[in-house]
Amino acid sequence: MTDTHPAIRVSEIFGPTIQGEGVLIGLPTVFVRTGGCDYRCSWCDSLHAVDRQFRHEWEMMSSDAVWQNVVALSGGRPLMVSLSGGNPAIQPFGALIKRGHDEGYRFALETQGSVVREWFAELDVLVLSPKPPSSEMRADWATIEACFQAAQDKPQVVLKLVVFDENDYAFAKEAAARFPRLPVYLQPGNHTPPHPGNENAPVDVDGIMKRMEWLVDSVTRDRWFEARVLPQLHVMLWGNKRGV
Ligand code: SF4
């Protein structure tokens, strides 16, 4: 049967591995990383899925083809599928999510909240990750709010904020105040993100851990007891290596 659904621009599909950050940390997951992003954060750790100079590595794939990859990697055993990027909200994922749900798989998507999709309501987990001042991007709160509304209270929706400095910390507090019902995950930023094409470039784990300690101190000092502070586990384990 021909797959008539729009094609998905894929950078890489890999796993199973564990989710390295946020609300699903530690959970076995297959990743579908899409190609292309409407942002260009100063510290982006996925430039190979953002910068158009890597578009020769990206592939337009049918929902069927993406699905067959997920099934092959998971051995046909349902698990969590993480839709990441780039900005995965740009891609047409509705058909893939429906197909996967029919087979017992679950779907999580993380986005900066710049593109609204009706199919957000079909997800199991929606991670809204507004980008803080250090990214040099500007958060569009009205569109982030529209993403939240599109989810219609169906998936679990959480906020994830990357924090590098005091300004980012203040931004995270503002985000939490705008969405008081949402669980908040804070993550110390990685100031040594991967150089695309050199996955062996060193990571300053000590520096990231210092930022983590500062973040823990800030949260406890401020009695911000609703926030959870987590490092990027995959960076601790594998540095900048891709496909893990
Ligand atoms: S939104 Fe995410 S993928 Fe896009 S440039 Fe920023 S960090 Fe990179």
Side-chain angles (χ1 to χ4, degrees), residues 8-14 19-25 29 31-55 57-59 81-93 108-117 120 123 125-148 150 157-165 167-169 171-172 175 185-199 201 203-204 208 211 230-235 239-244:
I8 298 166
R9 190 166 58 225
V10 174
S11 166
E12 55 186 347
I13 304 176
F14 62 92
Q19 171 59 258
E21 57 193 53
V23 59
L24 299 172
I25 193 166
T29 298
F31 286 82
V32 177
R33 187 187 299 286
T34 59
C37 187
D38 47 326
Y39 274 26
R40 183 64 186 267
C41 301
S42 61
W43 35 253
C44 179
D45 60 2
S46 309
L47 271 182
H48 64 288
V50 170
D51 196 319
R52 287 179 60 77
Q53 69 170 295
F54 298 97
R55 64 186 185 278
E57 296 179 5
W58 307 345
E59 190 181 344
V81 180
S82 174
L83 309 175
S84 68
N87 183 2
I90 293 171
Q91 305 300 325
F93 273 121
L109 176 137
E110 176 172 328
T111 179
Q112 63 266 43
S114 58
V115 176
V116 185
R117 293 292 192 184
F120 285 171
L123 291 162
V125 181
L126 173 62
V127 179
L128 293 175
S129 185
K131 299 307 174 197
S134 65
S135 70
E136 298 173 16
M137 296 288 113
R138 182 181 290 263
D140 175 352
W141 293 115
T143 309
I144 295 165
E145 171 69 31
C147 289
F148 173 63
V157 184
V158 302
L159 279 177
K160 194 190 84 177
L161 287 313
V162 175
V163 179
F164 279 82
D165 54 28
N167 285 340
D168 290 356
Y169 183 70
F171 175 90
Y185 291 79
L186 303 180
Q187 177 176 298
N190 175 7
H191 52 283
T192 49
H195 301 267
N198 180 11
E199 57 184 281
V203 172
D204 178 15
I208 297 170
R211 185 170 293 120
L230 285 174
Q232 288 179 296
L233 188 53
H234 54 291
V235 174
N240 285 325
K241 200 163 185 284
R242 274 170 63 175
V244 288

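These values consider heavy atoms only, across backbone and side chains, with no hydrogens, waters or symmetry-generated copies. Atoms within each ligand, like the ligands themselves, are counted from 1 in listed order. Given the structure is predicted, the values throughout are model-derived calculations rather than measurements.
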Query raised in the report: So which protein heavy atom does atom 8 (Fe) of ligand 1 come closest to, and at what separation?
Result: Cys44 SG, 2.3 Å

**Report entry** From Arg242 atom CZ to Phe14 atom CZ, the distance as rounded to the nearest 0.5 Å
**Finding:** 9.0 Å

Report summary line: Under 4.0 Å from one or more heavy atoms of Cys41, ligand 1 contributes atoms 1 (S), 5 (S), 6 (Fe), 7 (S)

Report summary line: For Ala108 and Leu24, the nearest pair of non-hydrogen atoms, with its separation, is CB-CD1, 3.6 Å

Query raised in the report: Who's the nearest protein heavy-atom neighbour of atom 4 (Fe) of ligand 1, and how far?
Result: Cys37 SG, 2.3 Å

Query raised in the report: Roughly how far, to the nearest 0.5 Å, is the CG atom of Leu109 from the OG atom of Ser84?
Result: 8.5 Å

Requested in this report: Please say whether more than 12 non-hydrogen atoms of neighbouring residues, nucleotides or ligands are located less than 6.0 Å from NE2 in His195.
Outcome: no

Report task. Work out whether the distance between some heavy atom of Ser46 and some atom of ligand 1 is less than 4.0 Å. Result -> no

Report summary line: Within 4.0 Å of some non-hydrogen atom of Gly86, the atoms of ligand 1 are 3 (S)

Report summary line: Near Gln112 (heavy-atom distance under 4.0 Å), the atoms of ligand 1 are 1 (S)

Query raised in the report: To the nearest 0.5 Å, how far apart are CZ in Arg138 and OH in Tyr39?
Result: 10.0 Å

Report summary line: Within 4.0 Å of some non-hydrogen atom of Val50, the atoms of ligand 1 are 3 (S), 8 (Fe)

Query - For atom 2 (Fe) of ligand 1, closest protein heavy-atom neighbour - result: Lys131 CE, 4.0 Å

Query - Steps toward side-chain hydrogen bond (donor to acceptor under 3.5 Å, both in side chains) verdict (Thr192, Asp204) - result: CA-CA 6 Å; Thr192 49; Asp204 178 15; 5.9 Å; no

